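This is a predicted model, so every value here is computed, not measured. Quick note on labels: first sequence line is chain A, next is B, and so on, each numbered from 1.
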Amino acid sequence: MPGAKLVLRDVRKSFGAQEVLRGIDMQIAAGEMVCLIGASGSGKSTLLRCINQLEPIDDGTVLLDGEDISEPGRDLAAIRQRIGIVFQSYNLFPHMTALENVMLAPRRVLGQTDTAAAERLFQQFGLDAHMSKYPDQLSGGQQQRVAIVRALAMQPEIMLFDEITAALDPELVGEVLEVLRRLRSGGMTMVLATHEMGFARELSDRICFMDGGVIVEEGAPKQIFTAPQVPRTQAFLRSVLR
Amino acid sequence: MNRRQAYEAAERRRSLIVAVLSTAVVAAGLILLVPLAPGWPAVRASFFDGGIFVDTFPTLLRAFAIDVMIFAWSVPLICATGLAIALARGARSPALFPLRIAGAVYVDVFRGVPVVLTIYLIGFGVPGLGLPRPWNSPYIWGTVALVLTYSAYIAEVLRSGIESVHESQRNAAICLGLSERDTMRYVILPQAIRRVVPANMNMLVALQKDVALLSFIGPVEILRQAGIYKSLLANFTPYVVAAVIFLAVTVPATRYADHLLNRDRNARR
């Protein structure tokens, strides 16, 4: 696929003796939305952390716009600005208000002191009433939306989402998924690790089923959910789609 | 009032009565029994002489101002040095390895030596090099000794605070493109420092008391002044005055710090 936004070639990662990623190959086009599904421990989170180089990979390459960003010793701050990531546990900075959380990186990294752009993002995602609140004063859903806004404020080219609804109460999942829907319609390139099968099926361009550190099967949502080819995929989907 | 509230109100009344009674018994015991001790009249005369208390109080209070002064200029120096040592001990880059070693040695040495010894060694030793005035002042070298000792403690407390901030905070910061330095300065340190304020308040109360140790190398501060009065009047009451003055400062200071911390916590809840 020429002109792919993000290319992974034979990406490998071990923690001690445990091989977590055992050769991942992936190509993601600009504007594409890819969902990683699979059981806990299948390597989804690690794969996301290897894409933005939060975890240095042991072998293989990660190309962003054709440029090798996995080269050991590379300055990663510039790369990380271009790839936003949102975590399951929000990880907001508890000593800062929501707006300060969002403004910290633009202010320190981009030298942007004007808060207008950040305030627009708050408005856009229905959070303008919460700008001056501290994380502890917000619900889980609100905190997660602030975390998304914080990542978006750096104007990333790709967004990674690591099971961002997994820690939320069921009634709060909807508001966070709604944010993702908006990003999707805005054309953001996105990679999600998720357990929200309905959502993945409805919105993504492609589903990758991971098991044991490899992508076992990938394809269009319809194909994966209705006619999975590999027995392991079939078994996983049977257990989650009951 | 429902059944639960009635029960709890009765419980509270009962605890209050028990607490009042037991306090009264202990207080009565002290008031009645201590004067029965054979040495009590002598102790009262030499430690609790009302006239001496009133006479020596103003001068001792003025002498205490010297303690406060030394304390006041030591605290910022201690905090800055302690922070520098804590950061040096956490340095990851190999080029800074000597700094890391130096930090570890510094902490080991100055935590391991009694404060009084450090004060003697530095307070008498360094001016002994024949430095000209004002560089031989016991105020300077006494302060240096306090800073060396206390910054070693503060550094360890800060380091524990830095290590207590969860790794995910650092990850979130660097994933936004922040440098290691900005991550430490804006994300890790503010949280770490808040967490160790109570522990550091303890250190400051201890420091306020240890300032009195500088009297051993010269300055006529409150402990020295109380000692002079003791010799002059052949009475220990001035020491009691000094103790009262110390308490009058340290107790409200700790309570106030607790209050500030609570207010800060509640503001973010």
Answer key: most heavy-atom pairs under 4.5 Å with chain B among I83(A), T97(A), L92(A), L160(A) is L92(A)

Under a 4.5 Å heavy-atom cut-off, does chain B meet the side chain of N91(A), its backbone, both or neither?
both

In this structure, are over 12 heavy atoms from other groups packed under 6.0 Å from W73(B) atom CH2?
yes

Within residues 158-185 of chain B, contacts to chain A at heavy-atom distances under 4.5 Å involve S168(B), Q169(B), N171(B), A172(B), A173(B), I174(B), C175(B), L176(B), G177(B), L178(B), D182(B), R185(B)

At a heavy-atom separation under 4.5 Å, does R150(A) approach chain B through its side chain, its backbone, both, or neither?
both

Counting only heavy atoms from other residues, nucleotides and ligands, does the tally under 6.0 Å from CZ of R107(A) exceed 12?
yes

Is it the backbone or the side chain of P156(A) that comes under 4.5 Å from a heavy atom of chain B, or both, or neither?
neither

Which atoms of F93(A) approach chain B - backbone, side chain, both or neither, heavy atom under 4.5 Å:
both

With chain B, the option among Q81(A), Q137(A), R80(A), R108(A) that has the most non-hydrogen atom pairs under 4.5 Å is R108(A)

Between Y90(A), F87(A), Y134(A), which shows the greatest number of heavy-atom pairs under 4.5 Å with chain B?
Y134(A)

In this structure, OH of Y186(B) is separated from NE2 of H95(A) (nearest 0.5 Å) by 10.5 Å

